[in-house]
Amino acid sequence: MIGRFPLPLLVVLAAFLAIPLRAAKSIVIPDTGGRVTLPTTGLAVTLPEQKGTTRKIIGRWNLSDDTTTFWSRDVIDEFDAQDELTTGNWVTIGYFDAGEAAAVVKEVKLTDDWETTTDLWGLHWHVRGGQYEFSGSLGVKPAIVLATTPGKGKPSLLLYHYLIKRPAALSHDEMIAEVKESPTLSAIFQAYWTDQWAPSLPTRSEAVTQPEASLVNRIVALPKTGLRFRFPDDGYAWLHERKPKEGTDMLYRMAPNMPDVTVELLLTDGSGVRSAFTDLGLDKNPWDPAPANLPADWESGPTITTSDGIKETTIGKVIGGKVLIVGFLVNPRLIDTAPYKPLLETLADAVVNPAPLPEPAATK
């Protein structure tokens with residue numbers, strides 16, 4: 001009953017929407033390098049020393065007016081000793097509308113473009129290069145885009161590399177060589193591949209360009225449980241599954257991307273948490289140690305291994321003759337619920353105090 005279902009393809013590969021934005025305060029990494037958490041992906045990256053190069057980092061995200069589509073990226077710009085922009089890097093992790101890596105790179109708007117595949121850092125990448133037209137004063141610059149969709153149940157990684165100070169007539173091989181030789185991109189990949197991440201609150205971060213009219217804390221109505229609630233101001237960006245494939249509701253944490261977090265919800269009749277799991281036939285799964293920092297009156301349930309090997313940590317709470325069961329699909333297994341306390345409290349309250357009907361989506 002509790003299980004991991006495929007995420008909808010939610011990340012939009014497009015230019016930033018023309019909406020008012022609140023400017024970000026960049027994170028500055030000197031040429032001696034240092035460890036930094038990229039704010040929207042959550043990647044914890046150890047940037048190596050790069051003499052004469054200062055890196056400035058911001059994040060960007062947006063939620064569409066109809067709240068069905070979420071988009072985000074981290075931007076790492078590199079500046080020389082004269083504080084002139086030399087290279088731009090964009091990083092996106094997710095499950096893409098365009099599908100697998102080969103289709104993803106086709107969606108990027110480039111002119112004089114070419115496509116190929118190559119092996120980098122031990123993985124196979126789909127690559128597209130050409131000329132990219134910036135909306136500001138930078139104009140048209142050579143760019144290369146790379147995407148990989150590895151196994152291991154990982155989301156795809158998409159890298160943009162903008163060669164601001166290089167001539168437009170770079171060959172395909174020269175562009176790919178620039179990527180291979182980039183210490184910044186290599187460090188980003190290593191953090192992604194080895195699951196190096198750190199806590200991040202993108203919707204609160206000063207290092208993230210925030211939409212001034214954000215719908216991130218909107219009211220939603222879940223189709224299976226019937227719960228109506230306003231997403232809490234917890235620093236995360238969430239989407240819900242509008243058409244669940246099974247009998248549970250699904251919430252997807254869209255930012256930060258890492259770790260990949262899906263929350264599964266089931267509301268059933270009952271007077272006890274353990275008996276509710278027994279009635280669902282789930283009590284024969286192992287009952288691992290309870291996650292830390294459970295909110296008051298929540299109890300630990302069994303750990304369920306999904307078909308793709310994810311360890312789903314389950315918890316439950318009795319609320320007015322109902323049992324609310326929540327499963328966290330996180331790899332590795334969730335062992336601390338503290339970051340999700342605002343969400344859990346919101347969900348529990350919604351069982352007996354549903355929010356008003358959702359606000360209508362804005363129309364163009």
Side-chain angles (χ1 to χ4, degrees), residues 1-7 42 151-155 194-199 222-227 229 231-232 234 236 238 240-241 244-253 256-352:
M1 200 113 183
I2 305 271
R4 183 174 176 83
F5 308 126
L7 288 176
K152 296 178 59 176
K154 280 181 173 290
T194 58
D195 293 321
Q196 297 297 309
W197 57 271
L222 302 185
K224 295 298 183 179
T225 60
L227 294 178
F229 60 92
F231 277 114
D234 57 3
Y236 302 146
W238 296 92
H240 72 286
E241 177 62 71
K245 296 178 177 61
E246 301 291 342
T248 54
D249 283 312
M250 310 294 282
L251 307 178
Y252 308 117
R253 194 182 72 168
N257 302 112
M258 295 187 69
D260 188 9
V261 177
T262 298
V263 177
E264 187 170 14
L265 305 173
L266 179 66
L267 186 63
T268 185
D269 294 330
S271 58
V273 171
R274 188 160 193 123
S275 62
F277 281 108
T278 299
D279 292 343
L280 292 168
L282 298 172
D283 56 318
K284 293 181 176 56
N285 290 278
W287 292 67
D288 290 321
N293 296 306
L294 279 177
D297 301 322
W298 285 83
E299 301 175 39
S300 180
T303 299
I304 300 163
T305 302
T306 67
S307 59
D308 53 2
I310 302 295
K311 300 289 188 180
E312 181 174 15
T313 299
T314 65
I315 59 176
K317 182 176 182 178
V318 177
I319 308 166
K322 300 280 188 180
V323 180
L324 176 62
I325 294 176
V326 178
F328 287 92
L329 293 123
V330 187
N331 192 18
R333 174 183 177 264
L334 182 77
I335 59 173
D336 188 356
T337 62
Y340 310 103
K341 182 179 179 181
L343 179 66
L344 291 172
E345 291 177 339
T346 295
L347 294 171
D349 183 64
V351 175
V352 291

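Sequential numbering from 1 along the given sequence is applied to the chain's residues.
- Asp249 places a side-chain N or O within 3.5 Å of a backbone atom of Thr225 that can act as its donor or acceptor partner.
- Taking 4.5 Å as the limit, some side-chain heavy atom of Ile325 sits within range of a side-chain heavy atom of Leu280.
- Without hydrogens or angle criteria, Thr314 side chain to Gly327 main chain gives no donor-acceptor distance under 3.5 Å.
- Rounded to the nearest 0.5 Å, atoms CD (Glu241) and CG (Leu222) are 11.0 Å apart.
- Between the side chain of Arg253 and the backbone N or O of Pro259, at least one donor-acceptor pair lies under 3.5 Å.
- Contact check for Asn285 versus Phe277: no side-chain heavy atoms found under the 4.5 Å cut-off.
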### Task
Go through the steps for Phe231 and Thr346 under the test side chain to side chain contact (heavy atoms under 4.5 Å, CB included), then give the verdict.
CA-CA 7 Å; Phe231 277 114; Thr346 295; over 6 Å; no
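- Counted within 6.0 Å of CD1 on Ile319, heavy atoms from surrounding residues, nucleotides or ligands total more than 12; the atom is thus considered enclosed.
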### Task
Tell me, with the steps shown, if Val263 and Val326 meet side chain to side chain contact (heavy atoms under 4.5 Å, CB included).
CA-CA 7 Å; Val263 177; Val326 178; 3.6 Å; yes
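- When all heavy atoms are compared, the tightest approach of Leu282 to Pro302 is O-CG, 3.5 Å.
- Nearest heavy-atom pair, Pro342 versus Ala338, reported as atom, atom and distance to 0.1 Å: CD-O, 4.3 Å.
- Here the CD-CE distance, from Gln196 to Met258, works out to 8.0 Å after rounding to the nearest 0.5 Å.
- Counting heavy atoms from C-beta on, the side chains of Pro339 and Tyr236 come closer than 4.5 Å.
- In this structure, CG in Leu347 is found 10.5 Å from CG in Leu267, a value given to the nearest 0.5 Å.
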### Task
Assess whether side chain to side chain contact (heavy atoms under 4.5 Å, CB included) is satisfied between Thr313 and Val330, documenting all intermediate values.
CA-CA 8 Å; Thr313 299; Val330 187; over 6 Å; no
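- Here the closest heavy-atom approach between residue Pro295 and residue Thr337 is recorded as CD-OG1, 4.0 Å.
- For residues 300-322, no pair satisfies ring pair (Phe, Tyr, Trp, His ring centres under 6.0 Å), with sequence neighbours left out.
- Here the side chains of Pro155 and Asn257 are not in contact, with every heavy-atom distance at 4.5 Å or above.
- A 4.5 Å side-chain heavy-atom check between Asn331 and Asp260 finds every atom pair outside the cut-off.
- Residue pairs meeting the ring pair (Phe, Tyr, Trp, His ring centres under 6.0 Å) criterion with at least one member in residues 292-334, sequence neighbours excluded: Phe328-Tyr340.
- Using a distance-only test at 3.5 Å, with no hydrogens or angles considered, no donor-acceptor pair links the side chain of Thr248 to the main chain of Glu264.
- Residue Ile304 holds its CD1 atom at 11.0 Å from NZ of Lys311, rounded to the nearest 0.5 Å.
- The list of salt bridge (charged side-chain N to carboxylate O under 4.0 Å, His left out) pairs with a residue in residues 317-343, not counting sequence neighbours, reads Asp269-Lys322, Asp288-Arg333, Lys341-Glu345.
- Scanning both residues, Glu299 and Leu294, for their nearest heavy atoms gives C-CD1, 4.1 Å.
- Residues forming a side chain to side chain donor-acceptor pair (under 3.5 Å) with Thr268 (at least two apart in sequence, or on another chain): none.
- In terms of the side chain to side chain donor-acceptor pair (under 3.5 Å) criterion, residue partners of Asp349 (sequence neighbours excluded) are, by chain and number, Asn353.
- Under the side chain to side chain donor-acceptor pair (under 3.5 Å) criterion, Trp197 pairs with no residue at all, not counting sequence neighbours.
- Considering only heavy atoms from C-beta on, Leu251 comes within 4.5 Å of Leu265 through its side chain.
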